[in-house]
Amino acid sequence: MRRVVGSMSEEIGRSVLCVREKVKEAAARRAQTLPAVAPRLVAVSKTKPVDLVIEAYRHGQRYFGENYVQELAEKASNANILSSCPDIKWHFIGHLQKHNINKLVAVPNLHILETVDSVKIADKVNASWQRKRSGERLKVMVQVNTSHEESKHGLSPSGTVDLVKHIGEKCPALEFVGLMTIGSFDHDLTQGPNPDFQLLLKQREEVCEKLGLPVEDVELSMGMSSDFEHAIELGSTNVRVGSTIFGERVYTKPTKADANVTSTEEKLGSLSVGGP
Ligand SMILES: *Cc1c(COP(=O)(O)O)cnc(C)c1O
């Protein structure tokens, strides 16, 4: 058992360093016209045990992502995480439902909520964060559905400017920091750049132009294990990498009740999480 844990931890260390190197190299290949923002690597630890999070932290990783509120709340409040990872920063990257907002807002070391996709959610998160009276605003991104797949959450691109404006004007407890998208995973790069990522760039241009924001101040969260280097080359400032760092995820088979969830969501782990 010891040996298994030992080799696992070495592997995590190696993959964190390797991904970090690739992130740097991809950033160096970016067009000069893009803001020279060093991309942030968010290690997506969903379904993975706390020990692996601590291992990655020991190897210098600070930003971690989760897509279920319950799982995030448990990991972020775990006593070992709190004592071993004082500087950890959590990103929430899953679909947020109204009934989970108070729970999310209570998560220790919550850094960015990446998935605000409606005025209603923005208002409720704003109210909940205000009740916390933390003094600091909560950083939020607006999630855009760039691939027009109904199965994916996120707001339709035509609503982006209005939602960003609403957050700026009506949500004093929130700080708008960028746009997030999932996009299509299976884009064939020989056909050119991923149009979903290009659309998110266009969206940023429009937001900045219409609302008078500097481009450097609006982040782009796009890119996962299969395409983070490509996303960075196109201008991503925040990549969410899970399986390349922590290994493949194991899920239980979808139950009948989940049968209407499509395979893209399944791939993202929006179904019930398996494992211990
Ligand atoms: C799971 C997940 C990721 C990471 O996926 P990998 O392919 O394992 O890198 C990124 N973004 C979101 C929103 C996710 O749910």
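Both counts, for ligands and for their atoms, begin at 1 and track the order of listing.
- At least one heavy atom of V241 lies less than 4.0 angstrom from ligand 1.
- Looking only at distances, no side-chain donor or acceptor of R249 sits under 3.5 Å from a matching main-chain atom of K46.
- Near S243, meaning under 4.0 Å from one of its heavy atoms, ligand 1 places the atoms 6 (P), 7 (O), 8 (O), 9 (O).
- For atom 6 (P) of ligand 1, the candidate residues are S225, G223, G65; the nearest heavy-atom contact is made by S225.
- A salt bridge does not link R14 to E11: none of the charged side-chain nitrogens sits closer than 4.0 Å to a carboxylate oxygen.
- Contacts of I93 with ligand 1, taken as heavy-atom pairs under 4.0 Å, involve both backbone and side chain.
- With Q143 as the fixed residue, the side chain to side chain contact (heavy atoms under 4.5 Å, CB included) test singles out one of L155, I182, V116: I182.
- The atoms of ligand 1 that sit less than 4.0 Å from any heavy atom of R240 are 4 (C), 9 (O), 10 (C), 11 (N), 12 (C), 13 (C).
- Counting atoms of ligand 1 from 1 in the listed order, those under 4.0 Å from a heavy atom of N67 are 15 (O).
- Relative ring orientation between F246 and F64 is described as tilted, the plane-to-plane angle lying within the 30° to 60° band.
- By the criterion of side-chain heavy atoms lying less than 4.5 angstrom apart, applied directly or through intervening Ile, Leu, Val, Met, Phe, Trp or Tyr residues, F176 is not grouped with V37; the two fall into different hydrophobic clusters.
- Residue K46 places at least one N or O, backbone or side chain, under 3.5 Å from an N or O of ligand 1.
- Close contacts of ligand 1 with G242, meaning ligand atoms under 4.0 Å from a residue heavy atom, involve 4 (C), 6 (P), 8 (O), 9 (O).
- Proximity of a side-chain donor or acceptor of T115 to a complementary backbone N or O of I93 within less than 3.5 Å is not detected.
- Criterion: ILVMFWY side-chain heavy atoms under 4.5 Å apart, direct or through other members. Under it, V241 and I54 are part of a common hydrophobic cluster.
- Taking 4.0 Å as the cut-off, E114 does not count as a neighbour of ligand 1 on heavy-atom distance.
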